[in-house]
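Here the structure comes first, spelled out in structure tokens, and everything after it is commentary.
Just the heavy atoms: all of them, side chains too, but no hydrogens, waters or symmetry mates, feed the values below. Order of listing sets the numbers, starting from 1, for every ligand and every atom in it. When a residue number appears, it is its place in the shown sequence, counting from 1.
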Amino acid sequence: MRQIIIAGNWKMHKTVAEAVSFVEELKQKNHGTEVEAVVCPTFTALAAVAEALKGSNIALGAQNMHWETQGAYTGEISPAMLKELGVKYVILGHSERRQFFGETDQGVNLKVKAALAFGLVPIVCVGETLEQREAGTTEEIVTLQTEGALKDLTPEQVAGLVIAYEPIWAIGTGRTASDEDAQQVNQSIRQVIAQRFGSAAAEAVRIQYGGSVKPGNARGLMSQPDIDGGLVGGASLKVEDFAGIIENCR
Ligand code: PGA
């Protein structure tokens, strides 16, 4: 059984004080252990949020990292630095990173390998644009992104990953993929994993859906056989909404 994982991607939102007060409130909701909850604050809030999460069953994630351990990379953060703070998950290859910061499948692959080398769990993002969906190339695009990001990994490494299928046209737009469409793409990703890394890795890898996940649509999405969680942007910024999503996935 794959445990459902709901991760809140706060993007460039929340000061340190706001981040800490959010998790203090979220902790009070006591969501049990059926669903794994993760919050992914900005780099500046990671240390304070790590401290605030101590003793809770909410995990800490980062939104990006560089693949090198250290070096002359102005403005970057390394996997060693995240590990030191108690970060467990790291979102890699989010479409906003690809769109605004030129990230490629090759770069994402370097980051995935570096994260694994430091014991971080990558949340690898893949997803098509609206044009690609309309052209009928969704599965082709998502397959290329998945294969590119996971190149040279072992089946054991793949088994421990989280992949997030996020159709770009559904991110921040209020437009969610239907349960069936999301299931179809998630299933195709699992098939690609099975072909490349074997059935044990495909059975174990957790595949989230992301793109306008809200308390009202979470249950339908998560009840699909190949959707093992959600990567949540907008609705992860309010405790009530984020806790509502977790509650509706139990
Ligand atoms: P959204 O963002 O929930 O606001 O659509 C999802 C994401 O970008 O991970």
Would you say [X] and ligand 1 have an N/O pair spaced under 3.5 Å apart?
{"X": "Ile171", "value": "no"}
{"X": "Gly233", "value": "yes"}
{"X": "Ala235", "value": "no"}
{"X": "Glu166", "value": "yes"}

In plain terms, say whether Arg2 and Glu203 are close enough for a salt bridge, that is, a side-chain N and a carboxylate O under 4.0 Å apart.
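Counted as a salt bridge, because a side-chain N and a carboxylate O are separated by less than 4.0 Å.
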Would a single hydrophobic cluster contain both Tyr165 and Val38, if residues Ile, Leu, Val, Met, Phe, Trp and Tyr are joined by side-chain heavy-atom contacts under 4.5 Å?
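As far as the 4.5 Å side-chain criterion goes, Tyr165 and Val38 are not connected within one cluster.
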Numbered atoms of ligand 1 (with element) below 4.0 Å of [X], judged on heavy atoms:
{"X": "Gly234", "value": "1 (P), 3 (O), 4 (O)"}
{"X": "His94", "value": "7 (C), 8 (O), 9 (O)"}
{"X": "Asn9", "value": "9 (O)"}
{"X": "Ser212", "value": "1 (P), 3 (O), 5 (O)"}
{"X": "Gly211", "value": "5 (O)"}
{"X": "Gly172", "value": "1 (P), 4 (O), 5 (O)"}

Using modelled atom types only, decide if a donor and an acceptor are shared between the side chain of [X] and the backbone of [Y] within a distance under 3.5 Å.
{"X": "Gln63", "Y": "Cys40", "answer": "yes"}
{"X": "Asn248", "Y": "Ala218", "answer": "no"}
{"X": "Lys27", "Y": "Ala52", "answer": "yes"}
{"X": "Asp228", "Y": "Ile207", "answer": "yes"}
{"X": "Gln28", "Y": "Glu24", "answer": "yes"}

Hey, are Glu140 and Thr137 close enough side-chain-wise for a donor-acceptor pair under 3.5 Å?
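The answer is no; no qualifying pair exists.
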Say whether [X] and ligand 1 are in contact under the criterion: heavy-atom distance to a ligand atom below 4.0 Å.
{"X": "Lys11", "value": "yes"}
{"X": "Gly210", "value": "no"}
{"X": "Ala170", "value": "yes"}

Atom of Ala182, atom of Ile227 and distance for their closest heavy-atom approach
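That would be CB-CD1, 3.7 Å.
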